[in-house]
Amino acid sequence: MGSRSRQVTDLSPIPRTDTGQDDGTAAAGDRVVGRARFRERLARSLFLVPAAAYLLLFFGYPIVKNVVMSFQQYTVTTFYTGVAAFVGLQNYAEILSSDLFSKALLTTVLFTSGSIIGQFAIGLAFALFFRRRFPLGGVLRALLLLPWLLPLVVSGTTWRWMLDPDTGVVNTVLRGLHLSSSGIPWLTGTSQALVSVILINIWVGIPFNTAILYGGLQDIPPHLYEAAKLDGAGPLASFRHVTWPLLRPVVSVVLVLGVVYTLKVLDIILVVTGGGPADATETLATHSYELSFQQFEFGRGAAVSNVLIVLSLLFALVYLRANRRARNI
């Protein structure tokens with residue numbers, strides 16, 4: 001060979017891609033990722049097991065048991081024998097054809113309507129009032145919560161003493177002011193008793209309405225009121241075009257929860273009037289209680305309570321749907 005430089009050609013082998021091996025590696029990686037995601041979902045699901053078990057045990061089972069009981073002749077003997085004859089719709093037919101049921105249904109409507117209107121109107125007024133800052137405003141808001149924090153049995157007992165026709169402080173004040181010579185039969189008159197329990201329930205429910213509505217008012221931006229004021233809007237116009245539209249979602253929650261809660265009010269009526277006089281304050285809730293725990297007709301009592309549940313669900317569905325349509329207009 002001469003001294004001339006030679007051109008060296010690189011003949012090293014070119015790397016070859018093994019398609020089968022790469023596919024296997026990718027598949028193995030996918031399986032690892034899939035197992036990791038499965039373990040993550042399983043871990044998250046395990047955290048929900050206690051809550052789900054609690055709901056099924058303390059909410060699901062009683063509801064199912066109550067529905068089944070309403071189709072049975074369930075009496076005190078059933079607790080010992082464990083046997084309850086299946087009677088189909090007989091319990092529902094008996095309660096629906098009863099004069100007391102129709103009277104209790106009307107009383108429930110009147111009691112719920114009066115309570116909700118009073119609670120909401122006064123609660124909204126208080127919420128608007130406390131929105132303005134003034135000395136001791138926080139203290140007054142805290143004191144306003146006391147009726148809501150007190151046990152209902154304590155509140156009912158206190159009001160029963162205050163409204164006693166003979167020795168109650170209310171009639172004593174009325175006689176002292178010469179507004180009534182003999183006093184008003186707050187708890188013994190058939191027409192006055194229903195008004196009395198409605199007023200008591202309004203007193204109990206005002207703090208809840210005030211607290212929720214006051215929280216909703218705090219979320220309304222102040223600059224909207226400033227803009228409305230610059231446009232010449234007065235207090236009523238500002239409430240109509242600014243406050244009410246933005247407060248409507250909170251109002252929906254307050255009304256739905258208020259109606260559902262009021263439909264099942266039992267403590268106040270039992271403590272104050274016991275459903276009397278002459279069944280003037282007998283509601284579906286107290287009627288169900290009396291059938292179940294005074295007459296020991298558990299099947300009929302369960303049927304009445306199921307009717308009450310259906311009424312609550314119907315109201316919630318109808319109101320929420322109507323409110324949704326109103327927002328979409």
Side-chain angles (χ1 to χ4, degrees), residues 108-150 152 155 159 194-265 267-268 283 311-329:
T108 302
V109 173
L110 295 176
F111 176 77
T112 304
S113 302
S115 298
I116 293 302
I117 293 174
Q119 292 174 2
F120 180 78
I122 300 176
L124 180 59
F126 273 124
L128 294 172
F129 173 75
F130 284 117
R131 191 181 184 187
R132 300 181 178 181
R133 295 186 178 181
F134 56 91
L136 300 180
V139 176
L140 292 178
R141 287 199 303 270
L143 293 176
L144 189 63
L145 294 177
L146 287 180
W148 192 31
L149 299 177
L150 289 175
L152 293 179
S155 301
W159 276 102
L194 181 58
V195 175
S196 299
V197 292
I198 290 176
L199 292 177
I200 296 173
N201 195 54
I202 289 175
W203 179 81
V204 172
I206 286 175
F208 171 77
N209 284 260
T210 302
I212 302 300
L213 293 173
Y214 178 80
L217 290 175
Q218 299 307 304
D219 293 334
I220 300 178
H223 68 268
L224 296 179
Y225 292 101
E226 297 175 359
K229 188 175 181 180
L230 291 175
D231 290 339
L236 293 179
S238 297
F239 176 82
R240 178 182 178 184
H241 298 288
V242 178
T243 303
W244 184 255
L246 297 179
L247 196 63
R248 185 175 293 175
V250 180
V251 171
S252 299
V253 174
V254 170
L255 291 180
V256 171
L257 293 180
V259 169
V260 173
Y261 172 79
T262 307
L263 283 174
K264 64 182 185 64
V265 166
D267 318 59
I268 294 175
T283 63
L311 291 177
S312 302
L313 292 176
L314 287 177
F315 171 81
L317 293 175
V318 171
Y319 178 81
L320 292 177
R321 186 171 183 179
N323 190 61
R324 185 181 305 169
R325 288 181 177 179
R327 289 200 303 266
N328 293 333
I329 295 178

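Residues: numbered from 1 along the sequence shown.
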For a quick test of reading the model, state the closest non-hydrogen atom pair linking Pro249 to Pro245 and the distance between them. CD-O, 4.1 Å

When rounded to the nearest 0.5 Å, the distance separating OG1 of Thr210 from CG of Leu128 is 10.0 Å

Are Asn209 and Phe126 packed together at the side-chain level, in the sense that at least one heavy-atom pair is separated by less than 4.5 angstrom? no

Heavy atoms of other groups near Arg131 CZ, more than 12 under 6.0 Å: yes

Say you draw a straight line from CD1 of Ile198 to CD1 of Ile202; how long is it, rounded to the nearest 0.5 Å? 7.0 Å

Could you tell me whether Tyr214 atom OH has more than 12 heavy atoms of other residues or ligands within 6.0 Å of it? yes

Does a side-chain heavy-atom distance below 4.5 Å link Val204 with Leu152? yes

Give me the ring orientation class for Trp244 and Phe239: parallel if the planes are under 30° apart, tilted from 30 to 60°, perpendicular past 60°. tilted

Which heavy atom in Leu144 sits nearest to a heavy atom in Pro207, and how many Å separate them? O-CG, 3.0 Å

Separation between CD1 of Ile116 and CG of Leu263, rounded to the nearest 0.5 Å: 8.0 Å

Verify, without hydrogens or angle tests, whether Gln119 (side chain) and Asn201 (backbone) share a donor-acceptor contact under 3.5 angstrom. yes

How close do Leu143 and Pro147 get, counting heavy atoms only, and between which atoms? O-CD, 4.0 Å

If you define the side chain from C-beta out and look only at heavy atoms, does anything of Leu199 sit under 4.5 Å from Trp203? no

Give me the atom names and distance for the closest heavy-atom approach of Val242 to Ala228. CG2-CB, 4.2 Å

Check each of Leu247, Leu213, Val259 against Val254 using the side chain to side chain contact (heavy atoms under 4.5 Å, CB included) test, and report the only one that passes. Leu213

What is the distance from atom CH2 of Trp159 to atom CD1 of Ile268, rounded to the nearest 0.5 Å? 10.5 Å

Does some side-chain heavy atom of Leu224 sit less than 4.5 Å from a side-chain heavy atom of Leu246? yes

Look up atom CZ in Phe111 and atom CG in Leu194, then write down how far apart they are to the nearest 0.5 Å. 8.0 Å

Distance in Å, Ile206 CD1 paired with Leu145 CG, rounded so as to fall on 0.5 Å steps: 12.0 Å

For Phe315 and Val256, the nearest pair of non-hydrogen atoms, with its separation, is CE2-CA, 4.1 Å

